[in-house]
Amino acid sequence: QVQLAESGGGSVQAGGSLRLSCSASGRSFSDYRMGWFRQPPGKGREFVAGISESGGSPYYADSVKGRFTISRDNAKSTVYLQMNSVKPEDTAVYYCNTMSILYPTRASGSKWGQGTQVTVSS
């Protein structure tokens, strides 16, 4: 089971940018499809973005498509989420996790990190 630690969150004005990082430790990081999820206040956790083991074929929730970019650096065992043109509705706690292959928008890992808070003000 991979261990995950999210960082890079903070407070940002609408229209601004933020870059989140997810550092992973455990067996063979490059063997895992990775992704980002978020949980807005008072709501459930939702899928944001996913990326293949090699860093290809990124895919996104419609709500962030064209604004967010997921990437990974397997040498650093790190996944990134570049958030551009942020909106108040992007306010949430952001989490990373390994991704299911059978269900590509679902996490496969049972353990979640603490997440990192992103707050977008208008």
* With hydrophobic residues grouped by side-chain heavy-atom distances under 4.5 Å, do Y95 and M34 end up in a single group? -> no
* To do: Tell me whether the centres of the aromatic rings in F37 and W112 are closer together than 6.0 Å.
  => yes
* Co-membership, hydrophobic cluster, residues V79 and V118, 4.5 Å side-chain -> yes
* Taking all non-hydrogen atoms of both residues, which atom of R38 and which atom of S63 are closest, and how far apart? -> NH2-OG, 3.4 Å
* Asked: Is it true that D90 and K87 make a salt bridge, defined as a side-chain N closer than 4.0 Å to a carboxylate O?
  -> no
* Would you indicate whether K65, at its atom NZ, is surrounded by more than 12 heavy atoms from other residues, nucleotides or ligands within a distance under 6.0 Å? => yes
* Please identify each residue that fulfils side-chain contact (heavy atoms from CB on, under 4.5 Å) with A5, with sequence neighbours left out. => none
* To do: Mark yes or no for whether Y59, through its side chain, and P104, through its backbone, hold a donor-acceptor pair below 3.5 Å.
  => yes
* For R72, which residues count as a salt bridge (Lys or Arg N to Asp or Glu O under 4.0 Å) partner, sequence neighbours excluded? -> none
* **Heavy-atom neighbours of E46 CD exceed 12 at 6.0 Å** => yes
* State yes or no: do V64 and V86 share one hydrophobic cluster built from I, L, V, M, F, W and Y residues joined by side-chain heavy-atom distances below 4.5 Å, directly or via other members? => yes
* To do: Would you confirm whether S85, through its side chain, and R67, through its main-chain N or O, come within 3.5 Å as a donor-acceptor pair?
  => no
* Asked: Which residues satisfy the side-chain contact (heavy atoms from CB on, under 4.5 Å) test with Q82, sequence neighbours excluded?
  -> S17, R19, T69, N84
* Test side-chain contact (heavy atoms from CB on, under 4.5 Å) applied to Q117 - qualifying residues, sequence neighbours left out -> T91, V93, T119
* **Those residues that, when tested against T78, pass side-chain contact (heavy atoms from CB on, under 4.5 Å) (two or more places apart)** => S21, S23, K76, Y80
* M99 and I51: same hydrophobic cluster, using ILVMFWY side-chain contacts below 4.5 Å? -> no
* Indicate if F47 and F68 have the same hydrophobic cluster label, given that clusters are the connected sets of ILVMFWY residues with side-chain heavy-atom separations under 4.5 angstrom. => no
* Asked: With ILVMFWY side chains joined below 4.5 Å, transitively, what does Y103's cluster contain besides itself?
  -> L102
